[in-house]
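Notes follow the structure.
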Amino acid sequence: MDEDDGHRRSLRADDKIVTVATPDDDSLRSIYRTMVLVAACDDALRAAISAGTVTMAYYSPRGQEATAAGFGAALRADDYLVTTYRGLHDQIAKGVPLRPLLAEMLGRRAGTGKGKGGPMHVVWPDAGLMVTTGVVGSGLPIACGLAWAAQRQGSGRVALASFGDGATNIGAFHEACNLAAVWRLPVVFLCQNNGYGEHTAFSDHQRTARVADRAAAYAMPGVTVDGNDPLAVHAAVAEAVTRARAGDGPTLIEALTYRLYGHVFGDRMGYVPPDELARAWTEEPVGRFRRRLVETAVVSDDEADAIEQECAHLVADTLDEVLALPEPGPDELLTDVLAASGAAARSTGG
Ligand SMILES: Cc1ncc(C[n+]2csc(CCOP(=O)(O)OP(=O)(O)O)c2C)c(N)n1
Ligand SMILES: [Mg+2]
């Protein structure tokens, strides 16, 4: 990757130059719409929790929209994604439909897991979303398994593991990086470095200046990009995906971004320096990308407004619809616990 702006830094583990296409105007509008849809969903969910209409532990991805929209546009529909509890943006960007996604988050029977998994366990294989996990770091070895399967099947699919900066201190991160490098697995390790693991700032939880520096330990390329710029993320992921599909193994990408609403809904963020938070809001990625698209005449102000209104209405209508849907009943407590292999298993709910 070229070092063409202040944030991008490459620790190239080989000499291959990979050229990737930049998104055309339709793709740019689609990336913007994804970011707007995530922000609209996040606004609606936080408002619903505040109003008491919805009760759940909610980990807002607000501020990290660009990272998800950038990688979503760089992946194939059949590529795999493994994400975390802070995964709403990733799930939307990978193409999980809004209705079953929100229904799962709200524990409705029409949800991706029949309302029995909840927000920490959203799975939608039709869009390649194979796992959402609340166990920090646990998604990375699973992504290796998916990538190993793809490698053995020759399917050309790539697995992208999305995780936070805190997760890079977990043993599973290092085991997965090592295994992926040794077996040259088609994996993209995408660290969304939002500056904090729960209430611990990045500089208090690791000595390495950049998460991407850790790639050198596994002889894989590592790169740090501006995670608030969807095109920087897109370029890095597109390059990593191209390498992965060509059999050249994994890449570690660190997307520098920010959690604008703290760790979990209700976080008062007293541990966050106020000037840091104020600065982060000035770099808020959705508005920033809108300004860029308007300045470069990819959209007019009216078109950008129309995208925002369309997304706000879609989210409001879907949320209203989902709130009226039934929850799973007690009779479903023991169903879907194990994969049924025959009629007997099905009849016992096994
Ligand atoms: C194995 C494990 N250890 C600890 C926790 C508690 N925990 C939940 S979220 C979190 C912070 C993770 O931070 P990061 O990886 O940076 O992700 P972010 O929340 O910033 O998206 C921790 C420690 C957990 N869920 N799983
Ligand atoms: Mg973090």
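Just so you know, ligand 1 is whichever comes first in the structure, and atom 1 is the first atom listed for that ligand.
- Counting only heavy atoms of the protein, atom 13 (O) of ligand 1 lies nearest to Gly197 CA, 3.3 Å.
- For ligand 1, the polar-atom distance check against Gly166 finds a nitrogen or oxygen pair separated by under 3.5 Å.
- Nearest N, O or S atom of Asp165 to the Mg ion (ligand 2): atom OD1.
- Using a 3.5 Å distance cut-off with no hydrogens or angles, the side chains of Glu283 and Asn228 do not pair a donor with an acceptor.
- Distance check for Tyr196 against the Mg ion (ligand 2): an N/O/S atom falls below 2.8 Å.
- Residue contact check: Asn194 has heavy atoms under 4.0 Å from atoms 18 (P), 20 (O), 21 (O) of ligand 1.
- The distance from the Mg ion (ligand 2) to the nearest N/O/S atom of Gln192 is not under 2.8 Å.
- Counting only N and O atoms by type, the side chains of Lys116 and Thr335 include a donor and acceptor under 3.5 Å apart.
- Between the side chain of Arg108 and the backbone N or O of Leu106 there is at least one donor-acceptor pair closer than 3.5 Å.
- Using bins of under 30°, 30° to 60° and over 60° for the plane-to-plane angle, the ring pair Phe173/Tyr218 lands in the perpendicular bin.
- Per-residue contacts place Gly164 under 4.0 angstrom from the following atoms of ligand 1 (heavy atoms of the residue considered): 14 (P), 15 (O), 16 (O), 17 (O).
- Looking at atom 6 (C) of ligand 1, its nearest protein heavy atom turns out to be Glu198 OE2, 3.6 Å.
- Contact annotation for His263 and ligand 1: only side-chain heavy atoms (C-beta onward) come within less than 4.0 Å of the ligand.
- Protein heavy atom in closest approach to atom 15 (O) of ligand 1: Ala167 N, 2.9 Å.
- Taking the charged nitrogens against the carboxylate oxygens, Arg29 and Asp24 have no contact shorter than 4.0 Å, which rules out a salt bridge.
- Checked against a 3.5 angstrom limit, the closest N/O atoms of Arg259 and ligand 1 fall outside it.
- His263 and His199 have perpendicular rings, their planes meeting at more than 60° on a 0 to 90° scale where under 30° would count as parallel.
- The shortest heavy-atom distance from Tyr59 to ligand 1 is not under 4.0 Å.
- The side chain of Arg86, and not its backbone, has at least one atom closer than 4.0 Å to an atom of ligand 1 (non-hydrogen atoms only; side chain from C-beta on).
- Of all protein heavy atoms, the one closest to atom 25 (N) of ligand 1 is Gly134 O, 2.9 Å.
- Ion pairing of Arg245 with Asp79 is present here, as a side-chain N (NZ or NE/NH1/NH2) and a carboxylate O approach within less than 4.0 Å.
- Contact annotation: for Tyr196 versus ligand 1, heavy atoms closer than 4.0 Å belong to the backbone alone.
- In this structure, atom 18 (P) of ligand 1 lies nearest to the protein heavy atom Tyr85 OH, 3.4 Å.
- Using modelled atom types, no side-chain atom of Arg210 and backbone atom of Thr224 make a donor-acceptor pair closer than 3.5 Å.
- Residues Trp281 and Tyr261 place their aromatic rings such that the two centres sit under 6.0 Å apart.
- Checked against Arg109 for a salt bridge (charged side-chain N to carboxylate O under 4.0 Å, His left out), the options Glu332, Glu104, Glu327 give a single hit: Glu332.
- Between Val136 and ligand 1, an N or O atom pair is found at a separation short of 3.5 Å.
- Of the listed residues (Thr83, Asp90, Thr67), just one forms a side chain to side chain donor-acceptor pair (under 3.5 Å) with Gln192, and that residue is Asp90.
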